[in-house]
Amino acid sequence: MIRSIETRRANLRRAFPDDLRQRLTGARVTDLDRRAKYGLISTDRGDTMIFHLGMSGRWRVDPVELQLHDHLVIETGEGRRLALNDARRFGSVDLVPTDTLAAFPAFQLLGPEPLDRSFDAAYLRAALTGKRTSIKLALLDQRVVAGLGNIYVCEALYDARIDPHHMAGDIGYDALVRLVDAVHLVLEAAIAAGGSTLRDYARPDGELGYFSKLFAVYGREGEPCACGGLVARYAEGGRSTFWCPACQGAKLPKRLRKS
DNA sequence: CCGACAACCTGACGGC
DNA sequence: TGCCGTCAGGTTGTCG
């Protein structure tokens, strides 16, 4: 039971819903769920709170005391507290009637969940056909597959031995099969390790996630890959891509090739 | 439809 | 020691 909900500022990326307190105070949580990178908290009043942690967001469970960047605080009927902490405020909180959840704007164009059966090589082939962008950017596109971020795209492409520059629509079926397997492998390993700790990420219990220690390429520019080659980095779409040219094909992208 | 870029923010880090 | 530039897990919008 949500005994109280308090906002300590007016907004994250966008304003907090102005009826948040009115609609959630006293409500009972009936369901916790997730879609893509959004967390869903449903109540017996027929509302669902949709939150996104952005880059730096985290829930702090039973904090000893509130601290800087604790922007929203929920107190439960058992006297426990949840503080939504987000230094960069790239996160978001929305509240919608549960029966209109499917109409939430950010959910309109989302692709399948990467761990759902429907995300397979045949789907990917259809989704990527005609795409004139790199496989790296295509996998970051939440319309193609929903929930992969920069780290896991880099790691999955490495695992599948696919050149991140490769045109998405030109990837062969065998490589797509490897890619789907790699996405599954990387996500399952990351979940088992408790997530990826970079700087300010921690699990809700405050413990760190250890998958970052298992990164093969992410954040390892200049370090040796298992093959002996060196991990490289380039920027595309404003994001860093880490890869091993020796393992993933050393072709230079067209735009970097001397004419 | 696509790429490039900017905006939204704070904080950590490296170089000097 | 401290200042400054750069970079960071993501999403959304504009412009060409």
Side-chain angles (χ1 to χ4, degrees), chain A residues 8-16 34-39 50-60 67-72 83-94 104-111 114 126-157 164-170 183 186-187 189-191 193-204 208-222 232-242 253-256:
Chain A
R8 308 178 80 226
R9 59 171 298 121
N11 65 296
L12 296 180
R13 284 204 64 197
R14 27 179 195 273
F16 286 122
R34 179 195 59 76
R35 175 72 174 110
K37 299 174 190 172
Y38 295 84
I50 305 169
F51 66 89
H52 194 296
L53 298 175
M55 300 270 234
S56 57
R58 72 182 108 167
W59 283 103
R60 302 202 308 125
Q67 53 183 226
L68 190 64
H69 307 311
D70 284 340
H71 303 309
L72 179 148
L84 180 58
N85 184 286
D86 185 1
R88 292 181 72 181
R89 308 208 297 269
F90 281 8
S92 61
V93 172
D94 294 282
F104 185 63
F107 293 172
Q108 290 310 293
L109 300 172
L110 285 181
L128 299 180
T129 295
K131 279 247 175 220
R132 306 300 308 159
T133 189
S134 69
I135 186 64
K136 164 66 196 300
L137 289 182
L139 289 178
L140 274 182
D141 185 341
Q142 303 296 297
R143 294 171 297 189
V144 172
V145 55
L148 297 183
N150 203 27
I151 291 176
Y152 299 125
V153 168
C154 290
E155 293 295 310
L157 287 171
H165 306 92
H166 204 123
M167 275 296 156
D170 294 344
V183 166
V186 164
L187 289 182
I191 291 166
S196 302
T197 294
L198 289 185
R199 293 202 176 100
D200 46 9
Y201 172 83
R203 303 191 311 194
L208 303 181
Y210 286 99
F211 187 68
S212 53
K213 299 192 186 310
L214 304 177
F215 290 168
V217 288
Y218 187 87
R220 306 184 75 101
E221 182 183 15
R233 175 169 83 107
Y234 69 94
E236 182 186 20
R239 318 295 299 280
S240 282
T241 300
F242 297 89
K254 265 184 195 156
R255 64 182 162 280
L256 296 181

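In what follows, every chain begins at residue 1, and chains take the letters A, B, ... in the order their sequences are listed.
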With a 4.0 Å cut-off on heavy atoms, is A:S240 in touch with a base, just the backbone sugar-phosphate, or nothing at all?
sugar-phosphate

Here the distance between atom P of B:dC2 and atom CD of A:E236, to the nearest Å, is 13 Å

Holding to salt bridge (Lys or Arg N to Asp or Glu O under 4.0 Å), I want the full list of residues that pass it with A:R35, two or more places apart in sequence or in another chain.
A:E113

Its contact letters, B for base, S for sugar-phosphate only and - for none at protein heavy atoms under 4.0 Å, make nucleotides 10-16 of chain C read BBS----

Test salt bridge (Lys or Arg N to Asp or Glu O under 4.0 Å) applied to A:R233 - qualifying residues, sequence neighbours left out
A:E221

Which part of the nucleic acid does A:R233 contact within heavy-atom distance under 4.0 Å: base, sugar-phosphate only, or nothing?
sugar-phosphate

In whole Å, I'd like the distance from the CG atom of A:L53 to the P atom of B:dC8.
22 Å

Whole angstroms only, please: what is the CD-C1' distance between A:E221 and B:dG14?
14 Å

Tell me which nucleotide among C:dA8, B:dC2, B:dG11 gets nearest to the side chain of A:L68.
B:dG11

Could you give the distance separating C:dC3 and B:dC9 at their P atoms, to the nearest angstrom?
24 Å

Between the CG atom in A:N85 and the CH2 atom in A:W59, the distance rounded to the nearest 0.5 Å is 10.5 Å

Indicate whether the side chain of A:R13 and that of A:N11 have a donor and an acceptor atom separated by less than 3.5 Å.
no

Under a 4.0 Å threshold between the charged nitrogen and the carboxylate oxygen, would A:R58 count as salt-bridged to A:D86?
no

Map every base of DNA chain B to its dot-bracket character, where paired means a Watson-Crick or G-U wobble contact with both distances under 3.5 Å and | marks a partner outside the strand.
.|||||||.|||||||

For the pair made of NZ in A:K136 and P in B:dA4, what is the distance, rounded to whole Å?
13 Å

Starting at NE2 of A:H69 and ending at C1' of B:dA12, how long is that distance when rounded to a whole Å?
12 Å

Taking for each residue the nucleotide of DNA chain B with the nearest heavy atom, is it A:L12 or A:M167 whose nucleotide lies nearer the 5' end?
A:M167

Nearest 0.5 angstrom please: A:D170 CG to A:K131 NZ, how far?
13.5 Å

Partner residues of A:R143 under the salt bridge (Lys or Arg N to Asp or Glu O under 4.0 Å) criterion, sequence neighbours left out:
A:D141

Atom-pair distance (CG on A:D86; P on C:dA8), nearest Å
18 Å

Taken to the nearest 0.5 Å, the spacing of A:L72 CG from A:F16 CZ works out to 5.0 Å

Quickly work out the A:L137 CG to B:dC1 P distance and round it to whole Å.
16 Å

B:dC5 and C:dT6, which share atom name P, separated by this distance in whole Å
15 Å

Could I get the full list of ring pair (Phe, Tyr, Trp, His ring centres under 6.0 Å) partners for A:Y38, not counting sequence neighbours?
A:H52, A:F107

A:F242 CZ - C:dC7 P separation (whole Å)
11 Å

